[in-house]
Amino acid sequence: MAASTTPIAVASGLRRIGEDLATWRRLRRLTAAQVADRAGVSRHTVMRLENGAGAGLESVLRVARALGVLDSLATALDPYATDVGRMRSEEALPE
């Protein structure tokens, strides 16, 4: 399989989310090791996320939960909180 390149928009998103997770950790006055312990992931995983290197979705959600922002993250992805989602909420969605 050929190596894939991370699209610029995705790399930017990884960096922004990582920076935000790091800021939440600092606001909570937690070390990366403490967040890792609470999230059930390695400190290396927390640092990779914070540095924008990414990790698996479950690890991201575990860290967000450990920082107390999982509900905010899930709410941010709610399609029915958008104009398009509300407008099409009565339509049958494609399978």
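Grouping the Ile, Leu, Val, Met, Phe, Trp and Tyr side chains by contacts below 4.5 angstrom, directly or via other members, places Val46 with Ile17. A single hydrophobic cluster is not seen to contain both Met47 and Leu67; linkage of ILVMFWY side chains at heavy-atom distances under 4.5 Å, directly or through other members, places them apart. Under a hydrophobic clustering in which Ile, Leu, Val, Met, Phe, Trp and Tyr are joined whenever their side-chain heavy atoms come within less than 4.5 Å, directly or via other members, Val60 and Val35 fall into the same cluster. Cluster annotation: Leu70 and Leu77 are assigned to distinct hydrophobic clusters (Ile/Leu/Val/Met/Phe/Trp/Tyr, side-chain heavy-atom contacts under 4.5 Å, transitive). By the criterion of side-chain heavy atoms lying less than 4.5 angstrom apart, applied directly or through intervening Ile, Leu, Val, Met, Phe, Trp or Tyr residues, Leu49 is grouped together with Trp24 in one hydrophobic cluster.
Looking only at distances, no side-chain donor or acceptor of Glu19 sits under 3.5 Å from a matching main-chain atom of Arg16. Between the side chain of Ser59 and the backbone N or O of Ala55, no donor-acceptor pair lies under 3.5 Å. Not a single donor-acceptor pair under 3.5 Å links the side chain of Arg43 to the backbone N or O of Ala32.
Remark: Leu27 CG is packed, more than 12 non-hydrogen atoms of other residues, nucleotides or ligands lying under 6.0 Å away.
Sorted by first and then second residue, the pairs that involve residues 74-84 and meet side-chain hydrogen bond (donor to acceptor under 3.5 Å, both in side chains), not counting sequence neighbours, are Asp83-Arg86.
Remark: Asn51 CG to Leu21 CG distance equals 11.5 Å, nearest 0.5 Å. With values rounded to the nearest 0.5 angstrom, Gln34 atom CD is found 13.0 Å from Arg28 atom CZ.
Between Thr45 and Arg48 the shortest side-chain heavy-atom distance does not fall below 4.5 Å. Looking at heavy atoms from C-beta onward, Glu50 lies in side-chain contact with Arg25 at the 4.5 angstrom threshold.
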